[in-house]
Trainee: 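One structure is given below, represented as structure tokens, and several questions about it will come after.
It should be emphasised that the depicted structure is a prediction, and the values quoted were computed from it without experimental measurement. In what follows, chains carry the letters A, B, and so on, assigned in the order in which the sequence lines appear, proteins first and then strands, with residues in each chain numbered from 1.
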Amino acid sequence: MMKIATFNVNSIKARLGNVLEWLRSADPDIALLQEIKCTEEEFPGLELSGLKYQIALCGQKTYNGVAILAKSPIALEMRALPGDGGDDHARYIEGKVGDLRVASIYVPNGQNVGSEKFRYKLGFLARLEARIRELLEREEPFIMSGDYNIAPFDLDVHDPQAWRGQIMVSPEERSWFRRYLNIGLTDAYRAIHPDALGFSWWDYRAGAWQRDMGLRIDHLLLSPQAADRLQDADIDRDPRGKDKASDHTPVWCKLIAGRA
DNA sequence: ATGGTCGCGCTGCGA
């Protein structure tokens, strides 16, 4: 059995103790991290390799940054989402671990519906669809995982009325996410828990965590060949309740072993 | 309550 987890850590340097504690207890075979908020040189690689993880990362000073940690060798495939050579944000890394292709993705937040940042988010989502289509043609197992900054359905929102039309739940963003599902990807958490209300992010403000005012915006999207192997999936709420927690918490799935 | 709280890095920006 192989356990794959995604976690927006909101700065790996500020979160190192929390992340190490989580890795020790959750023990994923592959961890996809987002918002490491540092360059490759600043990344605390020694501490993580001390837990037997190999590392592939796409870093940037101050903002964004994504990484793949794995207990088996990682073959780096891409460190940017194709389709916009002018996009210099560190938001996408893709690699292969054995026969499984994984991507760690940090979709732009979008700030406000209709803003310039929102248009950038929609462009990124369109480029992501193109990459998904390319990979689907190969008919191989892959997982597109990360912080999508989209709560796909009202079941993924603590108060759908209050959030109606807002960033992360707007119809245009949701239509992109549905398209990923419609062309063949499986939302691992929703496949295992069809009716559950589960969140992966709670705002630091307004006591959102204490009041469980969350959204489910972190997702593991499986190709058909990966979904064939899906055994279990869940959200690990424990890290969000710790001191100095990220505003996100990890989401994981388990696949039965593929052929070597 | 268009507020609230983090992280980065030194001033306000991004989330």
Trainee: When you get a sec, tell me which of dC8(B), dA15(B), dT5(B) is the closest nucleotide to the side chain of Y204(A)?
Mentor: dT5(B)
Trainee: Specify the separation, in whole Å, of atom OH of Y120(A) and atom P of dG14(B).
Mentor: 13 Å
Trainee: Take the protein atom CD of Q166(A) and the nucleotide atom C1' of dG4(B), then report the distance between them rounded to whole Å.
Mentor: 15 Å
Trainee: Could you check whether E40(A) pairs with R79(A) (Lys NZ or Arg NE/NH1/NH2 to Asp/Glu carboxylate O, under 4.0 Å)?
Mentor: yes
Trainee: Both K117(A) and S11(A) contact DNA chain B. Which one's nearest nucleotide lies toward the 5' end?
Mentor: S11(A)
Trainee: Using a 3.5 Å distance criterion without hydrogens, assess whether the side chain of R101(A) forms a donor-acceptor pair with backbone atoms of G95(A).
Mentor: no
Trainee: What integer number of Å spans the C1' atoms of dT5(B) and dA1(B)?
Mentor: 16 Å
Trainee: How far does the C1' atom of dA15(B) sit from the matching atom of dT2(B), given to the nearest Å?
Mentor: 16 Å
Trainee: Does the plane of the ring in W176(A) sit parallel, tilted or perpendicular to the ring in Y180(A)? Use 30° and 60° as the thresholds.
Mentor: tilted
Trainee: Starting at the 5' end of DNA chain B and moving along, which residue's nearest nucleotide shows up first, Y106(A) or A245(A)?
Mentor: A245(A)
Trainee: Inspect the contact between R24(A) and E21(A) and indicate whether a charged nitrogen and a carboxylate oxygen are less than 4.0 angstrom apart.
Mentor: no
Trainee: Rounded to whole angstroms, how far apart are CH2 on W209(A) and C1' on dG4(B)?
Mentor: 18 Å
Trainee: Roughly how far apart, to the nearest Å, are dC10(B) and dG14(B) at atom C1'?
Mentor: 16 Å
Trainee: Could you tell me how far apart H248(A) (NE2) and dG14(B) (C1') are, to the nearest whole angstrom?
Mentor: 12 Å
Trainee: What's the closest nucleotide to the K244(A) side chain, out of dC8(B), dG14(B), dG7(B)?
Mentor: dG7(B)
Trainee: If I take atom CD in residue Q210(A) and atom C1' in nucleotide dG4(B), what distance separates them, rounded to the nearest angstrom?
Mentor: 12 Å
Trainee: Base, sugar-phosphate, or nothing for R15(A), non-hydrogen atoms under 4.0 angstrom?
Mentor: sugar-phosphate
Trainee: Please check this pair: side chain of T249(A) against backbone of D236(A), looking for a donor-acceptor N/O pair closer than 3.5 Å.
Mentor: yes
Trainee: Looking at the side chain of Y63(A), which of dC8(B), dG14(B), dT5(B) is the nearest nucleotide?
Mentor: dG14(B)
Trainee: How long is the line joining CZ of R205(A) and P of dG14(B), in whole Å?
Mentor: 14 Å
Trainee: Can you check the K121(A) NZ to dA15(B) C1' distance for me, whole Å?
Mentor: 11 Å
Trainee: Reckon R240(A) touches a base, only the sugar-phosphate, or nothing at all at heavy-atom distances under 4.0 Å?
Mentor: nothing
Trainee: What integer distance in Å separates Q60(A):CD from dG14(B):P?
Mentor: 12 Å
